[in-house]
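Numbers restart at 1 for each chain; the letters A, B, ... are given by sequence-line order, proteins then strands.
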Amino acid sequence: MRPASWRSCPSCPPGSATPPSSWPRRWPQRSGRTCCAGARSPGSACTVDAPRPLLVRACTEVPAMDRPVRVRFAPSPTGFLHVGGVRTAIFNVLFARRQGGKFILRIEDTDHERNTEEALQQILESLRWLGLAWDEGPLRQSDRKELYRSRLESLLASGQAYRCYCSAAELEAKRQKAIAEKRTYKYDRTCRDLPAGAQDGRPYVVRFRMPDQLPDHFDDLIKGRIPIEPENLDDWILARSDGSPTYNFCVVVDDADMGISHVIRGDDHVINTPRQIMLYRAFGFPEPSFAHMPLVHGPDGSKLSKRREAEYRALGISVSALEYRAMGYLPQAVVNYFARLGWSHGDQEIFSRAELEGMFELKDVGKSASVMNPEKFKWLNAHYLKETPDAELAGMLPPYLAALGFPAEPGPRLARIAGAFKERAKTLAEIAEQARVFFEAPSAYEPKAVQKNWKADSPGLLGRVRALVAARGVEDEPGLEQAFRELAEAHAGGKLGAVAQPVRIALTGSSASPSLFLVMAILGQDEVLRRLDRALASLPGPAPQG
RNA sequence: GGCCCCAUCGUCUAGCGGUCUAGGACAUCGGCCUCUCACGCCGAGAACAGGGGUUCGAGUCCCCUUGGGGUCACCA
């Protein structure tokens with residue numbers, strides 16, 4: 001079943017200036033998101049009298065799902081993939097899957113200098129790691145210059161764009177003046193109606209001839225009705241003086257060309273939307289629906305910034321997607337966490353990928369920005385760690401161990417180690433860290449642990465344990481445990497802890513570890529004996545009698 | 001600063017006018033389990049920013065204030 005879609009106002013046909021009184025206060029997709037009903041001046045709200053019919057429609061039409069659902073993620077390869085981008089990609093993928101549509105990857109590399117091949121590869125790697133597979137692409141804007149050029153020509157030819165010969169310096173001066181006078185800077189249209197040919201040979205940029213009549217709002221699938229403020233819209237630049245097309249221009253050309261039906265992107269693009277809508281209309285392209293997602297904020301409440309990575313790292317988060325892999329997060333956890341950040345489905349917290357793809361609805365996306373919470377993220381990761389089979393975990397561990405200087409190969413031993421620590425750690429990196437006890441003998445014994453658990457009779461007990469291990473080995477965990485219990489019964493007042501803790505300290509140097517019997521089994525008989533001997537030699541001997 | 005957006009526990013959120021003495025999750029604090037540490041289980045504290053309206057009735061609708069955020073390029 002297809003979800004109710006956001007449609008253009010059914011009661012507001014082109015030409016109709018007065019919304020009927022029966023106008024629904026609630027719109028199907030989401031409560032509180034009104035269309036014309038909420039207009040500032042009811043009665044003439046959303047119709048603009050049009051000198052140019054092509055450019056005007058009653059209401060911002062949101063063509064719904066009478067065309068195939070196609071969404072896109074369009075990162076620009078200027079650095080690592082930002083977590084905000086990850087979330088945008090996730091929402092797009094989930095939306096596409098839920099709607100049975102296509103997810104397209106487009107690379108916005110029109111920029112000069114700032115783009116690097118390395119960044120692109122890292123973005124692709126991040127997406128692959130997270131299992132965010134694209135159905136088409138990656139398409140690169142740098143391969144589509146001819147398309148932009150011809151579209152620009154057509155706009156120029158029809159008079160909807162014009163050449164502007166103002167120099168960057170002149171414009172900058174005007175901007176500074178406006179700022180000094182506390183005015184909003186807006187291009188003054190100096191070149192709008194220049195006689196043809198007058199400026200031949202001088203460098204120019206191409207500007208969009210912004211229509212005088214604009215719709216008063218557009219409808220956003222997440223944020224609802226967004227007013228359009230004509231004061232803020234000037235004749236913006238479509239192509240730079242070097243001929244390269246600008247972002248706002250490429251986006252529209254590409255989205256239209258690729259048949260994008262829903263533009264799901266970050267909040268920070270809301271401001272661009274009116275310009276883009278007008279460009280769609282100038283071209284006569286069908287407009288997509290827009291959905292602007294609230295941004296992800298850092299713990300300080302402001303938009304995540306790549307520049308503040310150092311601060312974030314101290315708090316356990318990162319702006320870089322791939323960094324979470326280095327920190328030992330599982331891709332399922334990352335997807336679950338970011339999907340759930342700003343989107344919810346009742347009280348559910350854990351979502352399998354299939355569930356997400358089956359449940360995701362734009363109407364369940366919240367309107368306010370959300371702050372990342374590293375604790376919850378870790379908790380989720382811990383959940384997925386526990387859910388992952390030991391052998392699989394063992395396969396992922398070597399890089400994390402290698403980072404600590406412990407070469408290791410996946411195998412039964414590593415699987416056992418993974419099993420021993422997966423409920424004690426929240427990340428793969430933590431598993432590796434805790435597993436160090438299996439890769440090197442303790443270099444010291446925690447003073448606190450010794451003080452608390454190393455008693456006068458400990459050396460004696462340890463000696464008995466040594467004999468026990470020497471006699472029966474360490475492979476039979478339950479049997480060994482039984483033997484320990486008997487030993488405790490006979491020599492330690494029946495308290496297993498009185499035996500176990502000193503042994504634990506001897507073997508691990510610490511008072512905390514996985515089950516002692518599992519630890520011994522993984523260590524192996526020889527190593528256990530070695531460590532017991534060492535402890536016996538270096539820890540305090542029996543207290544003087546009396 | 002102009003414009004725009006947002007506002008329920010510390011954080012993520014449920015809530016779509018009465019079922020709210022506001023639910024769940026993370027975190028925190030107790031307890032249980034227990035060879036330690038964890039896991040798990042049980043329990044506790046913790047929120048409708050403030051003020052006006054509308055309504056028989058408002059966390060839910062409207063307005064204002066306050067607070068937070070976003071955006072103001074020949075970047076994307």
Protein N or O to nucleotides 37-39 of chain B N or O, pairs below 3.5 Å:
{"residue": "C37(B)", "atom": "O2", "partner": "R424(A)", "partner atom": "NH1", "Å": "2.7"}
{"residue": "C37(B)", "atom": "N3", "partner": "R424(A)", "partner atom": "NH1", "Å": "2.5"}
{"residue": "A38(B)", "atom": "O2'", "partner": "E423(A)", "partner atom": "O", "Å": "2.4"}
{"residue": "C39(B)", "atom": "O3'", "partner": "K386(A)", "partner atom": "NZ", "Å": "2.9"}

Across all chains, not counting sequence neighbours, the side chain to side chain donor-acceptor pair (under 3.5 Å) partners of D257(A) are R144(A)
NA contact type, N272(A), heavy-atom cut-off 4.0 Å: base, sugar-phosphate, or nothing?
base
Verdict with reasoning, F360(A) to W343(A), per ring-ring contact (aromatic ring centres under 6.0 Å, His included)
CA-CA 8 Å; F360(A) 185 83; W343(A) 170 86; 5.7 Å; yes
To the nearest angstrom, the NZ-P distance between K455(A) and C35(B) comes to 16 Å
If the condition is ring pair (Phe, Tyr, Trp, His ring centres under 6.0 Å), which residues does Y148(A) pass it with, not counting sequence neighbours?
none
Between D347(A) (CG) and A14(B) (P), how many Å, whole number?
10 Å
Which whole-number value in Å describes the distance from I271(A) CD1 to G70(B) C1'?
9 Å
Would you say the base of C12(B) and the side-chain of K376(A) have a donor-acceptor pair closer than 3.5 Å?
yes
Contacts under 3.5 Å, N or O only, protein and nucleotides 41-51 of chain B:
none

Return the set of residues passing ring pair (Phe, Tyr, Trp, His ring centres under 6.0 Å) with Y384(A) (not counting sequence neighbours), or none when no residue passes.
none
For Y337(A), which residues count as a ring pair (Phe, Tyr, Trp, His ring centres under 6.0 Å) partner, sequence neighbours excluded?
F377(A)
Can you list everything that forms a ring pair (Phe, Tyr, Trp, His ring centres under 6.0 Å) with W379(A)? Sequence neighbours excluded, please.
none
Using the test side chain to side chain donor-acceptor pair (under 3.5 Å), find all partners of S318(A) that sit at least two apart in sequence or belong to another chain.
E309(A)
Identify all side-chain donor-acceptor contacts of residues 495-523 of chain A below 3.5 Å with residues at least two apart in sequence or on another chain.
{"residue": "Q501(A)", "atom": "OE1", "partner": "R504(A)", "partner atom": "NE", "Å": "2.7"}
{"residue": "Q501(A)", "atom": "NE2", "partner": "S511(A)", "partner atom": "O", "Å": "3.4"}
{"residue": "R504(A)", "atom": "NH1", "partner": "S513(A)", "partner atom": "OG", "Å": "2.7"}
{"residue": "R504(A)", "atom": "NH1", "partner": "P514(A)", "partner atom": "O", "Å": "3.1"}
{"residue": "T508(A)", "atom": "OG1", "partner": "R504(A)", "partner atom": "O", "Å": "2.8"}
{"residue": "T508(A)", "atom": "OG1", "partner": "S510(A)", "partner atom": "N", "Å": "3.1"}
{"residue": "T508(A)", "atom": "OG1", "partner": "S510(A)", "partner atom": "O", "Å": "3.1"}
{"residue": "S510(A)", "atom": "OG", "partner": "A512(A)", "partner atom": "N", "Å": "2.8"}
{"residue": "S510(A)", "atom": "OG", "partner": "A512(A)", "partner atom": "O", "Å": "3.1"}
{"residue": "S515(A)", "atom": "OG", "partner": "F517(A)", "partner atom": "N", "Å": "3.4"}

Go through the structure and list residues passing side chain to side chain donor-acceptor pair (under 3.5 Å) with E108(A), not counting sequence neighbours.
R106(A), Q141(A)
Measure from CD1 on I350(A) to P on C26(B) and round the result to the nearest Å.
9 Å
Interface residues of residues 172-183 of chain A with RNA chain B (non-hydrogen, below 4.0 angstrom):
R175(A)
Residues which pass side chain to side chain donor-acceptor pair (under 3.5 Å) with T116(A), listed by chain and number, not counting sequence neighbours:
none
